[in-house]
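Single-structure report; data block below.
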Amino acid sequence: MTENKTYYIKRSSKNHRVTRPSQTGFSSPATHYTEPRIDLNEALVSNPSATFYVRVADNSFTNYGIKENDVLIIDKSLTPNKNQLILAIKEGAFSILKIENKQKETLQVWGVITYIIKAVK
């Protein structure tokens, strides 16, 4: 016959509660001026699961105002329209192109450029 033993689990002695700040004296007169942080994902991205960020490696696209170290926000779920910038695969490499009225060649569109974040350098 086997003997049944009861084992108890020891409760953790660590306290994981957030401590409240204790304020002494008068509060800062600027406390009502606090602003929430700007979340760039919330402000600039409409479809997070289809949005990608690409950093430009050189100055090949200055004719579109895009320079080295700029960050492109690209949405793959959008259909490109006239005069929009796209990231396309051309001759096996990524290229930035503008959609024209009459496109002379078939393009493999990777995504539509929705925003350009400029590097200040």
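Basis for what follows: all heavy atoms, side chains included, without hydrogens, waters or symmetry-related copies.
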| said: Students often mix this up, so state it plainly: with edges at 30° and 60°, are the rings of F94 and W110 parallel, tilted or perpendicular? | reply: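 Plane angle over 60°, so perpendicular.
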| said: Testing the basics here: between L85 and Y64, what is the closest heavy-atom pair and its distance to 0.1 Å? | reply: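 Result for this residue pair: CD2-CD2, 3.5 Å.
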Side-chain contact, heavy-atom cut-off 4.5 Å: [X] with [Y]?
X: T114; Y: I74; value: no
X: D70; Y: R55; value: no
X: I73; Y: Y53; value: yes

Grouping I, L, V, M, F, W and Y whenever their side-chain heavy atoms are under 4.5 Å apart, do [X] and [Y] come out in a common cluster?
X: F61; Y: I116; result: yes
X: V71; Y: V54; result: no
X: V112; Y: L97; result: yes
X: V56; Y: I89; result: yes
X: V45; Y: F52; result: no

Are any side-chain N or O atoms of [X] and backbone N or O atoms of [Y], one a donor and one an acceptor, separated by less than 3.5 Å?
X: K118; Y: G65; result: yes
X: E42; Y: D39; result: no
X: N69; Y: A119; result: no

Rounded to the nearest 0.5 Å, what's the gap from [atom1] on [X] to [atom2] on [Y]? Could you check?
X: S46; Y: N41; atom1: OG; atom2: CG; value: 11.5 Å
X: K82; Y: I99; atom1: NZ; atom2: CD1; value: 12.0 Å
X: I117; Y: L40; atom1: CD1; atom2: CG; value: 6.0 Å
X: I113; Y: L78; atom1: CD1; atom2: CG; value: 11.5 Å
X: L87; Y: L107; atom1: CG; atom2: CG; value: 11.0 Å

| query | What side-chain hydrogen bond (donor to acceptor under 3.5 Å, both in side chains) pairs are there with at least one residue in residues 71-80, not counting sequence neighbours? | reply |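 Residue pairs with at least one partner in residues 71-80: N47-S77, D75-S77.
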